[in-house]
Every structure is written in C-alpha cells, then in structure tokens.
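Step one of this worksheet: look at the structure below.
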Amino acid sequence: LLQFLYFIASPPPIIQDMRLITKLAVGAGVGYGAGMYDFCKPHWDCYQLGTVLQNSNSILDTYWYQKSKEKAPKLKSLKCSGETDVLVVGAGMAGLHTALALAEKGKQVVILESKQVGWGASGLSMGMAATGTMLDEDQLAAITNTDTASKVQTLTERAEARIRQLIDKHNIQCDSQVLKSIELSSKPTPTDEDDLITGPALHKLIGSERYKWGTSHDTLSINPLAFVWGLTRVCLSSGVQIFEDSPVTSIKPAVMKKVWKVKTANGSEIYAKDVILCTGSHLSPKLHGKLARSTVPIHTWIAQTEPIPKDKMPVEATSQPGSFIDDTTSIRYWRIMEDGVMLFGGLADPYLYSEQGAERRLRQQLEWLYPTLKDIKFDKLWGGTLSFTRNAFPLIGKDSNGIYYATAFGGHGIVPSCMAGEMLASAIADNNSDDLSLVDDSFKPSYAGYPFSKFGATLITSFYNFLDDRESNGQWVPQVSRPW
C-alpha cells in the first residue's frame, strides 16, 4: 500500500526526504522479503526525490548544446496583448513545423513557449530522422487497416523529404548527413524476411554478440537542437512571432469575438481564430484535461562518453559514424559520432532516476554490450521526458471544441512532427482535412489511467523489462505480445 501511495502521490517538497526514506525502507523490505528483486531493483536504488530533469528555463548542457550554442536565438517573452490567426502553444519541432507551414500558406501565427525554444525533448534526442512512427507498418495495419498504415508511411516519407528540403533551402547548419542505422533484436529470428543480418556478419557489424539479428537502413541524422534553432530562424523570417518564457495558463472561448482567448502567466492575452497544442509531455491537465490524461510521461537518459581511442572502438564496420537501436521495452540506443564520442541512451521509465542512478545503470548496460569500454568515462549525462499514448501512436487531430493538437510522439518524433505540421496547416489554411482525418479518426485521445498512469505503466514495463533481460541473456521466455 505504501509503495502504491508513493507512486501516485505528489506531496510538497518539505516531506520529500520522508518520501525517500519510506521508499527505501518499504522498497527494500517488501522487495527483498517477497522475492521481487528483479521487479523492484530499478526503482528503489535509482530514484532520488527532488532530482528533476529540465527543472529550470535553461537549455541542458548536452553534446548538442556544446556543438551549437552560438546559434541559440534570442527571443523575448510576451508582455502585451493582441490578435492573430493561429496561436501555437509549444516551440518544439511540432510547434515550429506547424507554424512554418501555416505561415507559408499566408496565415499570421504566434507561438508561445513556456521555457526556451528547444528546451524539451525536441532538442535532446539522438537526432535520427527515421520515417514511420513508433509502430512499424505491420503493427499499424493490425490496429487500423493496411490502407491507413500505407498512407501514414507515405506521409512520413514526404515529411522526411520536406525536412531535407528545409535544411537545403534555408541552409540550416545542423550537421545533417545520411548514416547507417542498425535495428537490433534478441528475439527469435523471423523466417519471412530476406534482408536480415545475422550471425558473424551482425556481430562484426555491431562489435557485440548480444543480439541475434538486425536490419540496416540509411537514415537522415541531424543535430536536433541546432535544427530546432535553425527552424526557429526560418519561422521568424517567414513572419511567425515567437515568445519564450510565456507559459499559457488558460484557453477559453471569447464568445463576443467568436475566437479563442489565450492567457499567459503574466496576464497577457492573445485572441486567436485557431489554437494548436504542441506541448509534448508538459501539458497541464488544467489546460486540456482529456489530452493530458491520454498520455503517460516517460523519462529517458543519454550518456556522452569521452572520445574512444580507435584501438578500443568495438564497432569495426562503423568506426565511421553510425547509429544503433534495439527493440527492448526500455530501448537501448547508441550513436558513434565523427569525433569518436559515443552517445549511449535508454532507461525509458515512467519515474525519474537520479543522475547517479541513471549513470550507474547506463554504465552497466554499456559494459554488458561492450566489455572493452569498461574504463571509458562519461563526460556528460542528460535526460528528457517523452509523452506516450497507450498504443504508442501520436495524437494529431482536433477536439470537439475546435482546438487542434499534435503531441505524444514518443521517442520517434523528428519526422512525424513535421508530418503533423503539414496535416494541421492543410486543415486550417486550405480547409483540407483528408490527411488529418485519416489519423484523427483512427487514434482519438483515450484514457491512459490518470492519475494512476505512471504506476500502471511501471508495472507493465517492469514485467516486459524482466522478459527482455532474460531474452537478452539467452534465457527462455514466453512470447508475450506487447499491449501497445
């Protein structure tokens, strides 16, 4: 019971130490006493109350920030009231893509960002702009139908092409290049696919024998933070007004004007014909209860190693830059950069690890994968918060009141966020909702268990993490379908 209350409660900071003590005591007693070591270990020894990712308005000091900090835009907060055609809440990739597409179609657009442009998950990812969504085409077809799945895949391919076009046309300096992306699995090798890499060929390619099979794809890679800042400059040059440090506190209909009245924390008001929420995991239930209660926040971490000497580089075939990702529930992913640095990430979890806990567990996973990197140091460590739906497909659509939204892209948002922007711009500016309806009709916001969503997600992910760990170590596990 105490374990359960701890998960769902959010007491004030004054009793956080008591929560930590209770967590440690109950976690150790109940966990070890009941023989639930595998279930509880990820939680009691790695969470530290009071440690909050992105707990200020500042951009985190990441690998991407160090590579592009001189490109950071200087924007002001909103300190007056006014009117606009479209107001976008959130200046991540989804908000910026949507605003730019609308501006190109002649709409007057204002973006309100509660922190800084690029502060959230958009500027923290591994930077791989893969087509598709978190669900592959077969999984999507199983949920909807083959035609819808095929159309969504085509839409993401168009979005990826638009990203390339934007980079070239506006000379966005974001280190864009096409890299080999290897998707890996420890699950039984499929017999109905012809392009699999297996056995010694796979082990040589990735420098490890931990996986049974994989596939290789050419994938656009970028510095995500530099891309967001470059997209910001393109928006500004296209007439979009962007205000930082301007958190939205309410969205209400202005009956007399037949528009929306959007109010910020400092009392400024914007009247807009249309409002679009592109807020990711940071949407407050007070702003849009149904949308906020349809998602679960998931925290992930990335460690940056020191430059790895060539004689210690475990990946022979990709001592050139490349990226890797596996299909475990918490997802391991890593990328080798041109300067010899490895970015190694994972630990997807509904609850927040402390920095010490995250570093320890990432190091354990790195050593499990590449024992030769045991003594390699971590120079930086950062984390971000993603937003997931129950079925892992993003929410893109329009609610019954007329508010548009594009959110919950999970860990696969660079290309789908551009797709969402194109859909929303066509619906608003061209009155063409065909593409938007395709997604909106199939994936309406659905209740994700709020306020118990984190607790429920922890139970589910812990179970599948247990299966993944056994499978990764060559032990037999039942083949259980994921609920998403």
Side-chain angles (χ1 to χ4, degrees), residues 2-28 31 39-62 92 114-115 119-126 279-285 292 295-304 328-333 344-365 378 380-388 408-411 448-462 464-465:
L2 290 174
Q3 199 65 338
F4 176 74
L5 292 176
Y6 168 83
F7 274 123
I8 66 171
S10 298
I14 192 170
I15 62 170
Q16 286 187 350
D17 288 341
M18 183 183 300
R19 286 178 64 194
L20 177 58
I21 292 171
T22 303
K23 177 65 176 177
L24 292 170
V26 174
F39 172 77
C40 297
K41 183 183 177 183
H43 305 293
W44 72 64
D45 68 349
C46 288
Y47 295 127
Q48 177 179 337
L49 300 214
T51 299
V52 180
L53 295 185
Q54 306 166 328
N55 58 356
S56 71
N57 289 4
S58 301
I59 300 292
L60 293 180
D61 184 18
T62 66
S114 65
K115 307 292 185 181
W119 171 86
S122 290
L124 299 171
S125 74
M126 197 65 80
T279 51
S281 62
H282 308 288
L283 176 64
S284 167
T295 62
V296 181
I298 300 292
H299 307 287
T300 64
W301 290 84
I302 297 176
Q304 171 192 331
T328 55
T329 302
S330 290
I331 308 177
R332 299 184 193 96
Y333 48 91
F344 189 84
L347 305 185
D349 197 285
Y351 288 92
L352 183 62
Y353 285 86
S354 68
E355 290 186 12
Q356 296 86 348
E359 180 176 357
R360 181 167 64 252
R361 290 181 61 76
L362 283 176
R363 180 164 294 284
Q364 289 171 351
Q365 294 191 7
F378 286 170
K380 292 185 184 298
L381 180 75
W382 67 89
T385 307
L386 307 171
S387 181
F388 279 79
F409 294 96
Y450 182 88
F452 312 112
S453 52
K454 283 189 175 185
F455 179 69
T458 296
L459 294 177
I460 294 171
T461 57
S462 295
Y464 286 105
N465 283 335

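Note that the coordinates shown come from a computational prediction; the quantities given were computed from them, not determined experimentally.
- For the atom pair L352 CG and K454 NZ, the distance stands at 8.0 Å (nearest 0.5 Å).
- Proximity of W382 to Q304: side-chain heavy atoms (C-beta onward) are separated by under 4.5 Å at one or more points.
- For the atom pair OH of Y450 and OG1 of T295, the computed distance is 10.5 Å after rounding to the nearest 0.5 Å.
- Closest of all the heavy-atom pairs between A448 and S453 is O-CB, 3.2 Å.
- We find the CG-CZ distance between L459 and F452 to be 12.5 Å, quoted to the nearest 0.5 Å.
- For the side chain to side chain contact (heavy atoms under 4.5 Å, CB included) with T62, the qualifying choice from I302, L124, L381 is L124, the only one to do so.
- Residues W301 and F344 form no side-chain contact, since every pair of their non-hydrogen atoms from C-beta on lies 4.5 Å or further apart.
- Residues forming a side chain to side chain donor-acceptor pair (under 3.5 Å) with T328 (at least two apart in sequence, or on another chain): D326.
- In this structure, the separation between CZ on F388 and OG on S281 is 10.5 Å, given to the nearest 0.5 Å.
- Of all heavy-atom pairs between H299 and Y351, the closest is CD2-C, 3.6 Å.
- The shortest heavy-atom contact between S122 and G92 is OG-CA, 3.5 Å.
- Taking CZ of R360 as the reference point, atom OG of S354 lies at 6.5 Å (rounded to 0.5 Å).
- In this structure, CG on N465 lies 9.5 Å from CG on L347, to the nearest 0.5 angstrom.
- Looking only at distances, no side-chain donor or acceptor of T385 sits under 3.5 Å from a matching main-chain atom of I298.
- Contact annotation: the side chain of L362 never approaches that of Y353 to less than 4.5 Å [non-hydrogen atoms, C-beta and beyond].
- Between G383 and L60 the shortest heavy-atom distance is O-CD1, 3.5 Å.
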